[in-house]
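Accompanying notes for the structure given below.
In what follows, every heavy atom counts, from backbone to side chain, and hydrogens, waters and symmetry copies are set aside. To find a chain, count down the sequence lines: A is the first, B the second, and so on, and within it residues start at 1.
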Number of protein chains: 2
Amino acid sequence: MGDASEAGGTPEATDPPEAGPDAAAGRGRAALIEEGVEFDGRDAALLRAVDAAGSVAGAASELGRSRARALSRIETLEGSYGTLVERRRGGEGGGGSRLTASGRDLLDRYDRLQAVLAATASVPETVLRGTVAAIHGELAVVDTAVGELSGLHGVGEIGGSGGESPAVGDAVQVRIGADAVTVNEAAGAVDPDATSARNALAGRIVEIDAGETVSTARIAVDTDGSEDDADGAETAPQTVTVAALLTAESIERLGLEPGNQVSIRWKATATRLVPRAE
Amino acid sequence: MGDASEAGGTPEATDPPEAGPDAAAGRGRAALIEEGVEFDGRDAALLRAVDAAGSVAGAASELGRSRARALSRIETLEGSYGTLVERRRGGEGGGGSRLTASGRDLLDRYDRLQAVLAATASVPETVLRGTVAAIHGELAVVDTAVGELSGLHGVGEIGGSGGESPAVGDAVQVRIGADAVTVNEAAGAVDPDATSARNALAGRIVEIDAGETVSTARIAVDTDGSEDDADGAETAPQTVTVAALLTAESIERLGLEPGNQVSIRWKATATRLVPRAE
DNA sequence: CGTCGTTGTATCGGCATAGATACAACGATG
DNA sequence: CATCGTTGTATCTATGCCGATACAACGACG
């Protein structure tokens, strides 16, 4: 409560990272973790090189790194991830190494993680500020400028530092990936009881950022400046834009263009609630 | 060529990571990267501690780490991320440090990344194998056991090693997050032309893994073992199950229970195509 | 004007990781 | 049985990061 002078400094505006496309342009790095041992891009490259060269020695020289280290690294990884490389010494060609099935699976898993991370960095996101209104299990309802939204909080905690579950009244950011937002042409076209998409809003297309075959539509959503006027200042009359990633085909099929009135919809389970740094 | 004995070893089965829920249970670690400088959980904790303590010195002692190091680390970060901490020496209390607005934004951004990563680790995913049938810009059509699916490939490449864009005919894994899958009660309830969700399948609920307020439904989808019998062996008669994350409320409202016939639907832009380790 | 706790800055030692090197063990091949 | 290139294993060294320590600069406050 004593933070009125500080936190109160920005109640009216929506700040830079509100719905910025390149706010998420920053790159990231991902690593799997098992029993405290990280599997990162360097390890993935090593396994791939082993697969290509057919030997750890060849992989090491290919990557320009020490063979002994590469071998011990593989042993360390295998201590936590199970057998990854089948090594054979002596014999044809002096021996050799092959990836095991689980080694390949691990690579695939890493690639998936990497793909997801890359996507979060390059796919637009909509970030709304809000305060937690209610918590039901893993779900929470958040009061935002566009009304109440529900989403998941604290799914699969990792770092103990900043990802704790919020409590009612806490300030949170509501993150909605543009790839999770579905656009319908009219408000009544979809029977709201027939789908599992939970969050729905009406809005107007303000811009379509066309890509080759994938475009980003920005939809302006009316803020309900009247509904929860209990805390007055917080519901300033501002427009919130939600980003939706659409294929060119969908845009054409739905006949979408700036000015169109549409209804957007996304699943509560695709909505992440993240504690906000005060 | 010599891999006929190897790659050919698993053409028939779908292997462990097909639709495994705990295949994604492995934890991960994320870090932002800007100009080669990583911002990880340790840095986030440092900024948070500075915010809480009001000084770098206090933060360092709070975290049990060297003050000089903490300071130089902050300087390193600021060299790539811009001013993060406003430091003042002398004056009331001898001086002190405060987070800048961009410092707070960076923390929020990190928390969002962390939340997304945690979600990918804990939210079930469906992974299908397939081969690329066509590529249109950022989109690609993939032949899978359940027919043709479209999804994004190579969105925002990061590591140059394994995330390259696939070509027609390449083996890929198709990743569908359970939080992106929408469930409808009947096939005809939703006008397929009225929504931007592109991929649609019919299936039968085989299991509902109930959580507190969020449940995972597994939907068995018929494989079209007849359509593309060109390459015979690949279309073995198998059932593919797709995971969908649903709120308990949605399950109740739609009256979902095992045995129900449902239609599932998800956006092409929420589908990731990842190169498969041969 | 002295006190105080902080921000700056520099230096030293410890520790973990990686590269470099060397040598033994292995087993098919000729 | 000698050859070959690999897998195992051990040891030394270099490097980089971090903690620890020390000291100067600063500016409000009493």
Worksheet item: Whole Å only: how far is the CZ atom of A:Arg69 from the C1' atom of D:dT13?
Response: 11 Å
Worksheet item: Rounded to the nearest Å, what distance is computed from the CG atom of residue A:Asp43 to the P atom of nucleotide C:dT17?
Response: 13 Å
Fill in: A:Arg112 versus B:Gln173, side-chain donor and acceptor atoms under 3.5 Å
yes
Response to the item:
Sorted by chain and number, sequence neighbours left out, side chain to side chain contact (heavy atoms under 4.5 Å, CB included) with A:Arg88 holds for none
Worksheet item: In whole angstrom, what separates A:Leu71's CG from C:dT21's P?
Response: 18 Å
Worksheet item: Would you call B:Arg109-A:Glu125 a salt bridge at under 4.0 Å N-O?
Response: no
Worksheet item: Roughly, in whole Å, what's the span from CG in B:Leu46 to P in D:dC17?
Response: 17 Å
Worksheet item: Rounded to whole angstrom units, what separation is found between the CZ atom of B:Arg73 and the C1' atom of C:dG8?
Response: 19 Å
Discussion item. How would you summarise protein contacts on nucleotides 24-30 of chain D per nucleotide, using B for base, S for sugar-phosphate only and - for none, with heavy-atom distances below 4.0 Å?
Written reply: -BBBS--
Response to the item:
Interatomic distance, CG@A:Leu152 vs CZ@A:Arg272, rounded to 0.5 Å, equals 5.0 Å
Worksheet item: To the nearest angstrom, how far is B:Asp40 atom CG from D:dC17 atom C1'?
Response: 13 Å
Discussion item. Students often get this wrong, so: under 4.0 angstrom with heavy atoms, is A:Ser97 touching a base, only sugar-phosphate, or nothing?
Written reply: sugar-phosphate
Discussion item. Taking the basic N atoms (NZ, or NE/NH1/NH2) and the acidic carboxylate oxygens, is any pair closer than 4.0 Å for B:Arg73 and B:Asp43?
Written reply: yes
Item to complete: Measure from CZ on A:Arg65 to P on C:dT21 and round the result to the nearest Å.
Response: 17 Å
Worksheet item: Is there a donor-acceptor pair closer than 3.5 Å between any side-chain N or O of B:Thr269 and the backbone N or O of A:Leu245?
Response: yes
Discussion item. Closer than 4.0 angstrom, basic N to acidic O: yes or no for A:Asp51 and A:Arg104?
Written reply: yes
Worksheet item: Counting only non-hydrogen atoms, which of residues 74-87 of chain B are less than 4.0 Å from DNA chain C?
Response: B:Arg87
Response to the item:
Of the candidates C:dG19, C:dA10, D:dT7, the side chain of B:Ala68 sits closest to C:dA10
